[in-house]
Colleague: 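Dumping the structure here so I can ask a few things about it.
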Amino acid sequence: MDLRYEAYCFADRLFYDVQSSAETSEDDFSQVLPALPEGWAQGDRNIWRHTYPQGVPLPKQGWKIHVSATVLNAGEVLLKSYEYLVARRIPFKYLRTRSIVLARNSKYAPREGSGKLITIYPADDSELESTLRELSEILKGQSGAYILSDLRYGAGPLFVRYGGFVEQWLEKDGKRVLAIEGPDGALVPDQRKPTFWTPEWVKIPACLEEHLAVRRAGSADEFPYRVLRSLHFSNGGGVYEAIRKSDDQRVVLKEARPHSGLDRLNVDAVARLHREHEMLEKVAGVPGVPEVFERFSAWEHEFMAMSEVPGRPLGQWLGQHYPLTHHEISDEAVAAYTERALKVIAAVERIIGDVHARGLVFCDLHPLNILVDDDDSISLIDFELAFRVEEDKKPTLGSPGFQAPPDRSGFEIDEHALAALRLYVFLPLITMLELAPVKLQSHVDFIRRRFGLSEEYCAKILAGLERRVDPPTESPTTALDAPEPELPTVLKMVAAAILASATPQRDDRLFPGDVEQFETGGATFGYGAAGVLHALDVTGQGRFPDHERWLLEAVRRDPPKEPGFFSGAHGIAYVLEEFGHHDLAGELVRSYAAMVPDTEDHGLGSGLAGIALNLLHFAGTRDDETFAEQALELGERLDTALANVEPPGDKARAGLEHGWSGPALLFLRLFERTGDRRWLDVGVKALERDLAETMIALDGSTQVRDGSARTLPYVGTGSAGIALVLNEFRLVEPDLPVLDKLPELLSATTGEFVIQPALMLGRAGLLATLVHTGGPGHAIDRHLTSLAWHAVPYQGGLAFPGIQLRRLSMDLNTGGAGVLLALGTLANGTPMLPFLKAPTLAGR
């Protein structure tokens, strides 16, 4: 789970966003702070407000101070710190609002950022020492979450770590990471992990030595359990497999951090751990429920020990057994799965019934809390939200799609989750129903037909999940639900939703999309305006001068952070060149040339392959061999890198965006341009490197291996991306032996169920791949009509959820613009992406 998405769900119900427009003036900390004196300036950047004295230089890096606080005391802590820092002209930044403080300390917020309210930038070690000494007295007695990445100063809310003061970026393992300078001036990663760390060349200041000694004094020898491995982490603490030292009893340890893992009522993980201990005692003896042993404190944290229960989370069980992900599905396999799934549901209902018989509401029923053993027996874990039915509580945390709405109470809360579970095991898109309740009826209709479920079973789902307050008024069917969807109509409706979502009044983005746009910028090809405007144009939906003007102004106002195609300057330059904005397009390519020698990423998305392919494109549009020569130089660099590439690791990268398939496409285009067969041979080697990351999946298809238990069929990372480039080779040299792998890869693109609609990591990409490669018509038709599962009515058009299905997205990589491109591939023969040739199958 990428925890970044949770933090971007607080601000808006429909789109991933930073917390700004949803905030009230009363929520902003500026209401409790005095005006800055003359000679000070401040500015907002995402969730932070940067406050700095004019004329005071900020070092590039050093020892920074973090001030922690709770939601309740944040205003007081900030005011006292603010007055101290302004009086001494020390630069700092702080979280802008109380709601941001709550979000940053919530259960599923990233742990490395938890607890931080203020970041202070001392000029040197002397100012570090005086600030810590004096501010610790001012804030004496104030509480706050422990900042895991830092060293605590004394017993108060002050923490320190060595790191960057200004943004410097470094490429590491194909990603841009924040960096600091090493002793030789070279950039190295600024490690931001949930553990205290200092670079080996940095000396601990004298004022911190005793505090480091205190930290090291906590000995694992004194801890009564020996931890074997971690099972799960959240911002509230960890879950571990351990052995009790006194008697070698094997247990599960649950950890709770004070003031962390907050719910919306500001209840922390420690309070929930105490409640879980109490609730487990009340259900003692219920089959399938852990036995609780003890609760104790250690290292400022609370722990609870309980018995192990067998099994793996229901989601993992589903991933192995759910038949609709397979490329070939027999009626017998569907019937056998239906029988097993119904038995699993019945077993969960039995345990929930036993919990209810003890007078408790479980309140947190979702797939991660249901363990399925090899014999399909069920266990139920995580009672931290459970309560006595007479308490009449409401859920304050929960899994999207499973958490009951406010109008449910008592045992109805669990009945809602059971209804969601009944749907989930047959169509695991339950997250979507929180975003788009209107999809409920069509999802239930599908599982009734596909799995032969009874009317009674489906009626239970509808009764449990239908909204009692503010039921959806939109039609549950869309243009994609027709037996043969009219593609021109669907294209217009997708474009209409994209255009209706535009926010030209904002500087940070034009179209809502993935959370990545807040890292790479709102103008990029993959996640920003450039890719969206490209998709609208090439699919025949029009050019929009006002939006193009926004893109031009955004590039000048906030230049891209890197040169890459999907994530930086070259993708934007490609679109500007196509739109006739040649001066700015050329300026972008030239101004980012200095960054290319430092780029080590080989991929098409952010690396050398995408840059070089765009340079070849510019060589063609401008008839300028200078660009072609630069592309050839990058091709040589990639050839050398390929010859020295390390063997495949555990983490998948193969595919069009991040793997060696992107360089393979470049090598093919260099072969076509030069006639030098060496480039064709190098391209085959690059494809073979990506093929080395594939394996035979559970359904017998060939997919990209991702760890020990997961395989990926997608375009960006996955077997479809390799297949697309193999197909490009087939169009040029149809007798290459490596092309024998193409049918094996394409078999992975025909599965009936795909969790996301996205172009790079979802169904749209699989559909477009089949169109490009002349795949079977029945599989293409099924992908087209199955896009209806995700299609959400929006402002008279059709929108699609992005990654994690929590919010709608309009961008090219993850949202509506990518779906538009895939549909254009099918309807008009539009190439799915730049640098690919027109598909071999098109027209409806």
Side-chain angles (χ1 to χ4, degrees), residues 1-10 19 47 65-78 94-95 97-119 139 141-161 192-197 215 218 223 227 230-240 253-277 295-304 364 368 382-385 395-399:
M1 179 187 295
D2 188 338
L3 297 180
R4 295 180 302 164
Y5 288 86
E6 177 71 18
Y8 288 97
C9 286
F10 282 79
Q19 287 174 276
I47 61 175
I65 302 170
H66 289 122
V67 184
S68 180
T70 70
V71 175
L72 298 178
N73 71 350
E76 180 184 358
V77 169
L78 178 55
Y94 61 91
L95 297 178
T97 70
R98 287 182 177 85
S99 61
I100 294 174
V101 176
L102 175 60
R104 295 271 291 185
N105 290 280
S106 63
K107 182 174 181 179
Y108 292 110
R111 295 189 301 148
E112 59 270 21
S114 176
K116 299 173 184 176
L117 171 66
I118 310 168
T119 303
L139 299 178
Q142 299 286 357
S143 57
Y146 196 103
I147 299 175
L148 296 173
S149 60
D150 289 23
L151 172 66
R152 187 174 204 156
Y153 183 86
L158 300 185
F159 297 80
V160 293
R161 87 170 187 91
R192 300 189 175 205
K193 297 180 179 180
T195 182
F196 178 61
W197 166 88
R215 179 186 178 93
F223 194 66
V227 174
S230 59
L231 302 175
H232 172 71
F233 283 110
S234 75
N235 193 24
V239 180
Y240 311 92
L253 273 183
K254 192 166 187 178
E255 173 191 37
R257 300 176 55 223
H259 311 300
S260 298
L262 303 178
D263 65 17
R264 292 180 185 268
L265 295 180
N266 204 31
V267 176
D268 72 357
V270 170
R272 290 197 301 275
L273 188 76
H274 289 185
R275 172 168 287 274
E276 182 168 16
H277 184 268
R295 195 181 76 235
F296 61 97
S297 300
W299 305 325
E300 300 189 27
H301 295 179
E302 293 279 316
F303 292 86
M304 180 178 69
D364 197 20
L368 285 176
D382 205 351
F383 278 72
E384 66 176 27
L385 299 185
T396 54
L397 287 171
S399 180

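Fair warning: this is a prediction, and the values are worked out from it, not measured in the lab. The figures here come from the full heavy-atom set of this structure, side chains too, leaving out hydrogens, waters and symmetry mates.
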Colleague: How long is the straight-line distance from CH2 of Trp197 back to CZ of Arg161, given to the nearest 0.5 Å?
Modeller: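 It comes to 8.0 Å.
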
Colleague: Mind running side-chain contact (heavy atoms from CB on, under 4.5 Å) on Asn105 and Val71 for me, showing each step along the way?
Modeller: CA-CA 9 Å; Asn105 290 280; Val71 175; 5.6 Å; no

Colleague: For residues Ala69 and Ala74, report the shortest heavy-atom separation together with the two atoms involved.
Modeller: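 Closest heavy-atom pair between Ala69 and Ala74: CB-CA, 3.9 Å.
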
Colleague: Starting at CG of Asn266, measure out to CZ of Arg98 and round the result to the nearest 0.5 Å.
Modeller: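 Output value for this atom pair is 11.5 Å.
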
Colleague: Which is it for Ile47 and Arg104 under the side-chain contact (heavy atoms from CB on, under 4.5 Å) test, yes or no, and what are the steps along the way?
Modeller: CA-CA 10 Å; Ile47 61 175; Arg104 295 271 291 185; 3.6 Å; yes

Colleague: Between Phe196 and Arg215, is there a cation-pi geometry (under 6.0 Å to ring centre, at most 45° from the normal)?
Modeller: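 No; the conditions do not both hold, so Arg215 does not lie above the ring face of Phe196.
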
Colleague: Evaluate the side-chain contact (heavy atoms from CB on, under 4.5 Å) criterion for residues Ile147 and Lys116: first the C-alpha distance (whole Å), next the side-chain angles of each, then the deciding distance (0.1 Å), finally the verdict.
Modeller: CA-CA 7 Å; Ile147 299 175; Lys116 299 173 184 176; 3.7 Å; yes

Colleague: Of the non-hydrogen atoms in Leu397 and Leu262, which two are nearest, and what is the gap between them?
Modeller: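 In this case the closest contact between Leu397 and Leu262 is CD2-O, 4.1 Å.
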
Colleague: Quick one: does Arg152's side chain have a donor or acceptor within less than 3.5 Å of a partner on Ala155's backbone?
Modeller: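 Checking the backbone N and O of Ala155 against the side chain of Arg152, a donor-acceptor pair under 3.5 Å is found.
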
Colleague: Can you measure from NE2 (His66) to CG (Leu158) and round to the nearest 0.5 angstrom?
Modeller: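 Between atom NE2 of His66 and atom CG of Leu158 there are 11.5 Å.
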
Colleague: Is a side-chain N or O of Asp364 found less than 3.5 angstrom from the main chain of Glu384, in a donor-acceptor match?
Modeller: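 Checking the backbone N and O of Glu384 against the side chain of Asp364, no donor-acceptor pair under 3.5 Å is found.
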
Colleague: Walk me through whether Arg257 and Asn235 qualify under side-chain contact (heavy atoms from CB on, under 4.5 Å).
Modeller: CA-CA 8 Å; Arg257 300 176 55 223; Asn235 193 24; 3.3 Å; yes

Colleague: Report yes if the side chains of Ser143 and Asn73 come closer than 4.5 Å at any heavy-atom pair, otherwise no.
Modeller: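 Touching, per the 4.5 Å side-chain cut-off.
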
Colleague: With under 30° as parallel and over 60° as perpendicular, where do the rings of Phe296 and Phe303 fit, or are they tilted in between?
Modeller: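 Parallel: the ring planes of Phe296 and Phe303 meet at under 30°.
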
Colleague: Treating Ser68 as the side-chain partner and Gly115 as the backbone partner, does any N or O pair qualify as donor plus acceptor under 3.5 Å?
Modeller: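 Such a contact is found between Ser68 side chain and Gly115 backbone.
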
Colleague: Any side-chain to backbone donor/acceptor pair from Ser106 onto Ala103? Under 3.5 Å, distance only.
Modeller: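 Side chain of Ser106 to backbone of Ala103: a pair is present.
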
Colleague: Of the non-hydrogen atoms in Gly236 and Ala269, which two are nearest, and what is the gap between them?
Modeller: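 What the structure gives for the nearest pair is O-CB, 3.4 Å.
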
